[in-house]
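Owing to the predicted nature of the structure, the values given are computational and were not obtained by experimental measurement. In what follows, chains are A, B, ... by sequence order, proteins preceding strands, each numbered from 1.
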Amino acid sequence: MDVSHISTIFEDVARILELKGDNPFKVRAYQRAARTIEGLGDELESLIKDDRLTDLDGIGNDLAEKIKEIVLSGRLRYYEELQNTIPAGLLAMMDIPGLGPKTVKLLYDQLGIDSVKKLQLAAKAGRLKALEGIKEKTEKNILKGIAIVRLGQERTPYPFIYPLAEGFLRELKSLKAVEKIELAGSIRRRKDTIKDIDILAVSHDAPAVTDAFTALPGVRQVLARGRTKSSVRAGEFNTQVDLRVVEKDSFGAALMYFTGSKEFNVAMRRLAIKKGYKLNEYGLFDKKGKRLAGSREEEIFSLLGLTFIPPELREDRGEIAAATRGSLPRLIKFSDIAGDLHVHSDYSDGAVSLSGIAEIALARGYRYIGITDHSQSLKVAKGLDQSALLKKRDAIARLNEQHKSLRILFGTEVEIMADGSLDYCDDILKEFDLVVAAVHSSFKQSRTQMTKRVVSACRNKYVNILAHPTAKLWGTRDSVDIDMDELLRVCRDTRVAMEMNCNGQRMDLNDAGAMQAKKMAVKLAINTDSHKPADFDGMAAGVYLARRAWLHPQDVINCLSYDELKKWLKK
DNA sequence: GCCGTTTTCGGCCCGACTGTTTTCAGTCG
């Protein structure tokens, strides 16, 4: 069962109920259930079998029945009945920033507007001003909002957004009025993709900071300018950047609040209430309104009986319960990484020579590096034929003699052909220290075909790592259609590691995928897929992503010592 | 729709900003 099918239905139900002005808490119950289900993966089947759905937080008898109905029939009658009560276009209208259920309903009831297209025409014609509560400004904002949606409000991969955030941070830090400044929001949680950048500052002169912020180079549009909060759009992706200026005494509470996630905050506030406190962005308060903590996050966690929860984990995925028990995992750190197992040299489409790669690896403190050039059929990337392989193997042997503290692995990123065979025969494959297998063509195969194809490649006894398992390329190509559960079962049995490819365009597997792999006892490999020197820096984003997936160094093969890794690679 | 060391009914996270009002509703995070 595809859990996202269920959560999509629940999310839609929530939106329709919202539009109809139904009980907001009922709306939230559906939203919460959608999230809970999404995080389940293949556990769902056993929960249904054992009749334990209501054990889940936020799932009562009613929602349990609805989940079962979807699993059994693929449909939900209640959802279909709801859909018949409103025009489909209204849901799309709710995606426009600044437009919520109330306004959409007003537009529909009063003017019969039931699509984004009609809304745009009406706004351009100035017909919205006829409505109560809407004047010139709102009409303009709606048109702007439509343009933003049209532009594609897509999230941008973390590695592409981080430089803009860092630049803003640096500029603001240099201001005299700024006493303290930190990134917050999803960028502090190191999500794989980012929608907007949140910055939090302490200052005795908030207006000065706000003025400087809205005038920074790179700012394209000022969206809001308040006493404590201002927003702009900036950078090549037209990213929204929000700046908040807060008091020193509430910096920790504000940092926690603006770091989120939203779901984490809601759960934390619920916990605070349960303990007789009130938590907001100004601090943790007792019943009489006395502030008990606020300047540091650590104090708030501690007063609530929790160990410090790293930002990467703050998603309400069980981290609060774990912190209560003091059993948060020892997360992987950058210093645990002993090597990179997927990089390209100038033998194929990389820009760096073998010895250049060795130097980069040494400079980063790695113990080993896997040089995995493309295989022969990938002509566009100068894939290596047999004679080139021999040359490369000798060159690597010589390099290994020169370097004592670094082991260089003779590897390949071998093509998984459309029929599931590999681009080198077994006699060649057995000569490599490291075999990374990957799909780079025929992406449109059916789910059955694609699953069969990749599974068959992973069953080859020389394959060690499956590179970028979903083949998704940000902004270019969607994930391939593949039965991930089946694939993970095979990889567990054949001891093939799943890659967390941290190239900015890929981020594949992402944290959700890696969590699923870990649940199935499949090892991960965090690799940069480097083609040029700067790419090696991607490892940081990869480690953050692995932390978001709750990964321990033991889950990741490139945390192994060289001897352990050699043993692991030999099947 | 969910949930219960106040409760099986009556709560459910909380505050800032905008645009419209002239004290507030809607939206957002």
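Atom-to-atom, CD1 of Ile273(A) to C1' of dT5(B) comes out at 16 Å; the value is rounded to the nearest Å. Note: CZ (Arg28(A)) to P (dC3(B)) measures 14 Å, nearest angstrom. If you take CG of Leu200(A) and P of dG29(B), they are 17 Å apart, rounded to a whole angstrom. Straight-line distance from the CG atom of Leu17(A) to the P atom of dC12(B): 20 Å, rounded to whole Å. The distance between atom NZ of Lys278(A) and atom C1' of dC13(B), rounded to the nearest whole Å, is 10 Å. Rounded to a whole Å, the CG atom of Leu243(A) is 14 Å from the C1' atom of dC17(B). In this structure, CZ of Arg244(A) is placed 11 Å from P of dA16(B), rounded to the nearest angstrom. Atom NZ in Lys262(A) sits roughly 9 Å away from atom P in dG29(B) (whole-Å rounding).
dC17(B) and dC13(B): their P atoms are spaced 22 Å apart (whole Å). Rounded to whole Å, the separation between the P atoms of dC3(B) and dG15(B) comes to 25 Å. On the P atoms, dG11(B) is 16 Å away from dT6(B), given to the nearest whole Å. A distance of about 12 Å separates the C1' atoms of dC2(B) and dT8(B), rounded to the whole Å. With both ends at atom P, the span from dG26(B) to dT20(B) equals 14 Å, rounded to whole Å.
Checked by distance alone, Asn23(A) brings a side-chain donor or acceptor within 3.5 Å of a matching partner on the base of dG1(B).
Using a 4.0 Å heavy-atom cutoff across all strands shown, Thr228(A) reaches sugar-phosphate atoms only and no base atom. Across all strands, Tyr30(A) comes closer than 4.0 Å only to sugar-phosphate atoms, never to a base (heavy-atom distances).
Contact check on Arg269(A) versus Glu281(A) returns a salt bridge, with a Lys/Arg side-chain nitrogen under 4.0 Å from an Asp/Glu carboxylate oxygen. At a threshold of 4.0 Å, the pair Lys288(A)-Asp286(A) does not count as salt-bridged, since none of the basic side-chain nitrogens sits closer than that to a carboxylate oxygen.
Near DNA chain B, defined here as any heavy-atom distance below 4.0 Å, the residues from residues 280-309 of chain A are Asn280(A), Glu281(A), Tyr282(A), listed numerically. Taking every heavy atom of residues 59-68 of chain A and every atom of DNA chain B, pairs under 4.0 Å involve Ile59(A), Gly60(A), Asn61(A), Asp62(A), Leu63(A), Lys66(A), by number.
Listed by chain and number, the residues in a side chain to side chain donor-acceptor pair (under 3.5 Å) with Asp535(A) are Lys532(A) (sequence neighbours excluded). Listed by chain and residue number, Glu38(A) satisfy the side chain to side chain donor-acceptor pair (under 3.5 Å) test with Ser7(A) (two or more places apart in sequence, or in another chain). For Glu139(A), the side chain to side chain donor-acceptor pair (under 3.5 Å) partners are Lys129(A), not counting sequence neighbours. Scanning for side chain to side chain donor-acceptor pair (under 3.5 Å) contacts around Thr239(A) gives an empty result, with sequence neighbours left out.
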Validation: residues 17-25 of chain A side-chain donor-acceptor distances under 3.5 Å, sequence neighbours left out:
residue: Lys20(A); atom: NZ; partner: Thr85(A); partner atom: OG1; Å: 3.1
residue: Asn23(A); atom: OD1; partner: Phe25(A); partner atom: N; Å: 2.9

Could you pull out all donor-acceptor pairs under 3.5 Å where a side-chain atom in residues 57-67 of chain A meets a protein atom, sequence neighbours excluded?
residue: Asp62(A); atom: OD1; partner: Lys66(A); partner atom: NZ; Å: 2.7
residue: Asp62(A); atom: OD2; partner: Lys66(A); partner atom: NZ; Å: 3.3
residue: Glu65(A); atom: OE2; partner: Lys68(A); partner atom: NZ; Å: 3.3
residue: Lys66(A); atom: NZ; partner: Tyr30(A); partner atom: OH; Å: 3.3

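Judged as a ring-ring contact (aromatic ring centres under 6.0 Å, His included), the pairs with a partner in residues 303-328 of chain A (not counting sequence neighbours) are, in order, Phe301(A)-Phe308(A). Every pair passing side chain to side chain donor-acceptor pair (under 3.5 Å) that includes a residue from residues 168-181 of chain A is listed here, sequence neighbours excluded: Glu179(A)-His204(A). For residues 318-330 of chain A, the set of pairs meeting the salt bridge (Lys or Arg N to Asp or Glu O under 4.0 Å) definition, not counting sequence neighbours, comprises Arg330(A)-Asp336(A).
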Between Arg190(A) and Tyr158(A), is a side-chain hydrogen bond (donor to acceptor under 3.5 Å, both in side chains) present by the stated rule, with each step listed? CA-CA 7 Å; Arg190(A) 317 285 182 171; Tyr158(A) 168 88; 2.6 Å; yes
Heavy-atom contacts, protein to nucleotides 18-28 of chain B, under 4.0 Å, summarised as B (base), S (sugar-phosphate only) or - (none) per nt, yield SSSS----SSS
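Pairing of dT8(B), defined by two Watson-Crick or G-U wobble distances under 3.5 Å, is not identified with any nucleotide.
Taking the O4'-C1'-N9-C4 or O4'-C1'-N1-C2 dihedral as appropriate, dT7(B) has a value within 90° of 0 and is therefore syn.
Distances shown here put a side-chain N or O of Arg270(A) below 4.0 Å from the OP1 or OP2 atom of dC13(B). Look at Lys274(A) and you won't find any side-chain N or O under 4.0 angstrom from OP1 or OP2 of dC13(B).
No donor-acceptor pair under 3.5 Å is formed between the side chain of Arg291(A) and the backbone N or O of Leu284(A).
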